[in-house]
Amino acid sequence: MPHAEKTAITPTREQDFPEWYQQIVRVAELAEPRDVRGCMVIRPWGFGIWENMQRQLDAMFRATGHRNAYFPLFIPLSHMQKEAEHVEGFAKECAVVTHHRLELGADGKMRPAPAAELSEPLVIRPTSETIIGATYAKWVQSYRDLPVLINQWCNVVRWEMRPRLFLRTTEFLWQEGHTVHETEAEAREETRRMLDVYETFVRDRLAIPVFSGEKSESERFPGAVQTLSIEAMVQDRKAIQAGTSHFLGQNFSRASGIQFQTRDGKQEFGWTTSWGMSTRLVGTLVMTHGDDDGLVLPPRIAPTHVVIIPITPKEESRAAVLEMCTKLAAQLRRGSYGDGPIEVEIDQRDLGGGVKSWEWIKKGVPLRVEIGPRDLESGKVAVSRRDQPVKAKEVFATEGFVDRASEILNSIQRNLFQRAMQFRDTNTRVIDTREEFYDFFTPKNASKPEIHGGFALAYWNGSRAIEDEIKADLKVTIRCIPLADPAHPSEPGKCIFTGEP
RNA sequence: CGGGCUGUGGCUCAGCUUGGUAGAGCGCUGCGUUCGGGACGCAGAGGCCGUGGGUUCAAAUCCCACCAGCCCGACCA
């Protein structure tokens, strides 16, 4: 076998992590770049993952009392200007529509018609706080109208300077929840509740462990009073923000005029929140679980759980093998996994068995089942788990496999989570001194830095100066200040940089 | 938006220095032999050489601009 010990993906993660990531996205048929800088086509396999994320998150939003709605793509420029910090934060990355018609120019090329210039430019939403705020201002009159608990699934555009597929694209898909509450306490509680929803979702469905915490002032959402985030560690030991939840105080209600009459007859501004998760999660998933043979999908999020690969060496046994595959698929589909049936696909394409297997390995499907003529006679199937080495196979009696399929899927799910958790923990350190901190974040090989560092848990005095300093020196950012964990109450400590409490 | 590298068939790339009408491997199509872990033989198809301009008798090759991709930086879900 000429390729026997080769990995399916070159380079490996160790050799070149960013390039490895690009390769996975391409060979697993998740997405590809298209025409406009930073824009991508999300292919069926990648979109299937996103659809599962949507479906599962949506159910969680409903369960916490939220309902979906849809707000316009175009935001009048004047709306954006209402919240000063907000507009400042987004101004540099806004796509702006200025014309509503094309015409043929003198050079024979189409161009925006000068006569059709809009009297007010329209901003394509980079996020919808402002337009939703303007709407809520009309809807909310009395404390009886509160809370408003609405979510929308949509696309947004942020003109990013350095796009990467899924992780940072010019146009991306997300959900944005926007709520209004009667009291500050209630809004803060909502902010925290939705962060917990995110943490639960990412942990239980995507098998990704995260730290939850509060963002420092410099990393806060423009216009927010408080930004909470969940931070995952991917396999180059870097952090990735997987979801955010913002307590907006009364900043946006002041800007948009969301006012209501209180129980004692006074006028008060509403307390608002917003929270979002995006297609970046697909990239996070790839970088958390993928290996040097391709994508590895946690079963709870995989578009297909089991792929059946018919092995048909001889023409005369072909029909019988296919029949067996169909039968097994039907049996498996009657079983349930997660919140639906087991999703099964039979790969009947006229290709060699090895080629088909490798394609599914690269796509990360949790279970591959091979059925050939010999299995027909013995009543057995050969099963490979994506979380095990690619050549490992376990032979099951057909009935036994059907009975145990969802259990095996659970075991893969658990294993992936534990693996990710272990990786994160080995690369997370409590750090007590400045020297240790600098040492931790400095690569050994300066000319060709190896994968180094990780998460440091350290005390910090909260000053912006220190934050800027370590960012300048080490390119290290303060990801979040962990929320108090009731099980492990944090003890007061001294700032490792200044010695202040 | 700054700095660097790159753009040649679906993919990876050679050809460019020294201008002369386009190549390889993989993939794809057909036929045959194969098929229980990336098969082999034979025969084929497929290219405005990123786009536009310039220099030249002649441009993939030289010059300019633009577009796109990747990496680093600032910014970010």
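Every chain is numbered from 1, with letters handed out A, B, ... down the list of sequences. Just so you know, these numbers come straight off a predicted model, no measurement behind them.
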Task: Rounded distance (nearest 0.5 Å) linking atom CD of E176(A) with atom CE of M277(A) - done: 14.5 Å

Open item on the list: Under 4.0 Å, heavy atoms only, any strand: does S384(A) hit a base, just the sugar-phosphate, or nothing?
Closed with: base

Task: Presence of salt bridge, E394(A) and R385(A), under 4.0 angstrom - done: no

TODO: Would you please confirm or rule out a distance under 4.0 Å between OP1 or OP2 of A77(B) and any side-chain N or O of K215(A)?
DONE: no

TODO: Would you mind pulling out the nucleotide paired to C66(B), Watson-Crick or G-U wobble, both distances under 3.5 Å?
DONE: G50(B)

- [ ] Return the nucleotide paired to C1(B): Watson-Crick means purine N1 to pyrimidine N3 with N6-O4 or O6-N4, wobble means G-U with N1-O2 and O6-N3, both under 3.5 Å.
- [x] G73(B)

Open item on the list: Measuring from atom CZ of R237(A) to atom CG of N427(A), what distance do you get when rounded to the nearest 0.5 angstrom?
Closed with: 4.5 Å

- [ ] Using the P atom on both, measure U8(B) against G3(B) and round to a whole Å.
- [x] 24 Å

- [ ] Apply side-chain contact (heavy atoms from CB on, under 4.5 Å) to the pair D347(A) and I308(A), showing each step before the final yes or no.
- [x] CA-CA 6 Å; D347(A) 188 348; I308(A) 299 176; over 6 Å; no

Task: Spacing of the C1' atoms in G4(B) and A22(B) (rounded, Å) - done: 30 Å

TODO: Kindly assign one of parallel, tilted or perpendicular to the pair F247(A) and W271(A), based on the angle between their ring planes and the thresholds 30° and 60°.
DONE: parallel

Task: Identified pairing partner of C31(B), criterion: Watson-Crick or G-U wobble below 3.5 Å - done: G41(B)

Task: ring centroid sep under 5.5 Å plus plane angle under 30, F172(A) with A77(B) - done: yes

Task: Selection from C35(B), C75(B), C71(B) that lies nearest to any side-chain heavy atom of R164(A) - done: C71(B)

Open item on the list: For U56(B), give the paired nucleotide (Watson-Crick: N1-N3 plus N6-O4 or O6-N4; G-U: N1-O2 and O6-N3; both under 3.5 Å), or none.
Closed with: none

TODO: Select base, sugar-phosphate, or nothing to describe what I361(A) touches, counting heavy atoms under 4.0 Å on all strands.
DONE: base

Open item on the list: Rounded to whole Å, how long is the line connecting atom CG of L351(A) with atom C1' of U29(B)?
Closed with: 13 Å

Open item on the list: Could you walk me through whether F221(A) and H86(A) satisfy the ring-ring contact (aromatic ring centres under 6.0 Å, His included) test, starting with their C-alpha distance in whole Å, then the side-chain angles of each, then the deciding distance to 0.1 Å, before giving a yes or no?
Closed with: CA-CA 8 Å; F221(A) 176 74; H86(A) 185 70; 5.8 Å; yes

Open item on the list: Measuring from atom OG of S278(A) to atom CZ of R158(A), what distance do you get when rounded to the nearest 0.5 angstrom?
Closed with: 8.5 Å

Task: Side chain of P313(A) - closest among A77(B), G37(B), C35(B) - done: C35(B)

Task: Distance (rounded to the nearest 0.5 Å) between T64(A) OG1 and N151(A) CG - done: 9.0 Å

TODO: Could you pick out which residue, I371(A) or L167(A), lies toward the 5' side of RNA chain B when each is mapped onto its nearest nucleotide?
DONE: I371(A)

- [ ] Calculate the interatomic distance between E19(A) atom CD and U12(B) atom C1'; express it in whole Å.
- [x] 11 Å

- [ ] Just call it for Q241(A): base, sugar-phosphate, or nothing, with non-hydrogen atoms closer than 4.0 Å on any strand.
- [x] sugar-phosphate

- [ ] Please determine, for U18(B), whether a Watson-Crick or G-U wobble partner exists with both distances under 3.5 Å, and give it or none.
- [x] none

Open item on the list: Roughly how many Å apart are G19(B) and A77(B), using the C1' atom of each and rounding to a whole number?
Closed with: 50 Å

TODO: Specify the residue among G243(A) and D16(A) whose closest nucleotide of RNA chain B lies further upstream toward the 5′ end.
DONE: D16(A)

Open item on the list: From CG of L57(A) over to P of A77(B), roughly how many Å is that when rounded to an integer?
Closed with: 18 Å

TODO: Kindly confirm or rule out a cation-pi arrangement of R300(A) over F201(A), judged by NZ or CZ under 6.0 Å from the six-membered ring centre and within 45° of its axis?
DONE: no

Open item on the list: What's R318(A) touching, base or sugar-phosphate or nothing? Going by heavy atoms closer than 4.0 Å.
Closed with: nothing

Task: Residues D196(A), R192(A): salt bridge by 4.0 Å N-O rule - done: yes

TODO: Using the P atoms only, state how far A74(B) lies from C11(B), rounded to an integer number of Å.
DONE: 33 Å

Open item on the list: Output the rounded distance in Å from CD (E359(A)) to C1' (G37(B)).
Closed with: 14 Å

- [ ] Would you classify P373(A) as touching base, sugar-phosphate or nothing, given that sugar-phosphate means primed atoms plus P, OP1 and OP2, and contacts are heavy atoms under 4.0 Å?
- [x] base

TODO: Would you classify T169(A) as touching base, sugar-phosphate or nothing, given that sugar-phosphate means primed atoms plus P, OP1 and OP2, and contacts are heavy atoms under 4.0 Å?
DONE: base

- [ ] For G372(A), answer base if it contacts any base atom (sugar-phosphate contacts may also be present), sugar-phosphate if it contacts only those atoms, and nothing otherwise; contact means non-hydrogen atoms under 4.0 Å.
- [x] base

Open item on the list: Distance check, P atoms only: C49(B) and U21(B), in whole angstrom units.
Closed with: 14 Å

Extract from the structure each pairing of a protein N or O with an N or O of nucleotides 67-69 of chain B at less than 3.5 Å, listing the distance.
unit_1: G69(B); atom_1: OP1; unit_2: G38(A); atom_2: N; d: 2.9
unit_1: G69(B); atom_1: OP2; unit_2: R37(A); atom_2: NH1; d: 3.0

TODO: Provide, to the nearest angstrom, the distance between the CD atom belonging to E231(A) and the C1' atom belonging to C76(B).
DONE: 13 Å

Open item on the list: Please give the distance between the C1' atoms of U18(B) and A60(B) as a whole number of Å.
Closed with: 15 Å

Open item on the list: Give me the distance, rounded to whole Å, that separates C28(B) from A58(B) when you measure between the C1' atoms they each carry.
Closed with: 35 Å

- [ ] I would like to know whether W50(A) and F172(A) meet ring-ring contact (aromatic ring centres under 6.0 Å, His included); could you show each step before the answer?
- [x] CA-CA 12 Å; W50(A) 176 241; F172(A) 60 96; 9.6 Å; no

Open item on the list: Starting the side chain at C-beta, find the nucleotide from A74(B), C76(B), G36(B) nearest to M161(A).
Closed with: A74(B)

Open item on the list: Output the rounded distance in Å from CZ (F221(A)) to C1' (C75(B)).
Closed with: 15 Å

TODO: Examine the base of G36(B) for any acceptor or donor lying under 3.5 Å from a partner atom in the side chain of K393(A), and report the outcome as yes or no.
DONE: no

- [ ] For V156(A), report the nucleic acid contact type (base, sugar-phosphate, nothing); a contact means any heavy atom under 4.0 Å.
- [x] nothing

- [ ] Please state the P separation for the pair C76(B) and U12(B) - nearest whole angstrom.
- [x] 33 Å

TODO: Return the value, rounded to whole Å, for the distance between atom CZ of R26(A) and atom P of C11(B).
DONE: 7 Å

TODO: Name the pairing partner of U12(B), where a pair is Watson-Crick or G-U wobble with both distances under 3.5 Å, or state none.
DONE: A24(B)

Open item on the list: From CD of E176(A) over to P of A77(B), roughly how many Å is that when rounded to an integer?
Closed with: 13 Å

Task: Heavy-atom donor-acceptor pair, R158(A) side-chain to C76(B) base, under 3.5 Å - done: no

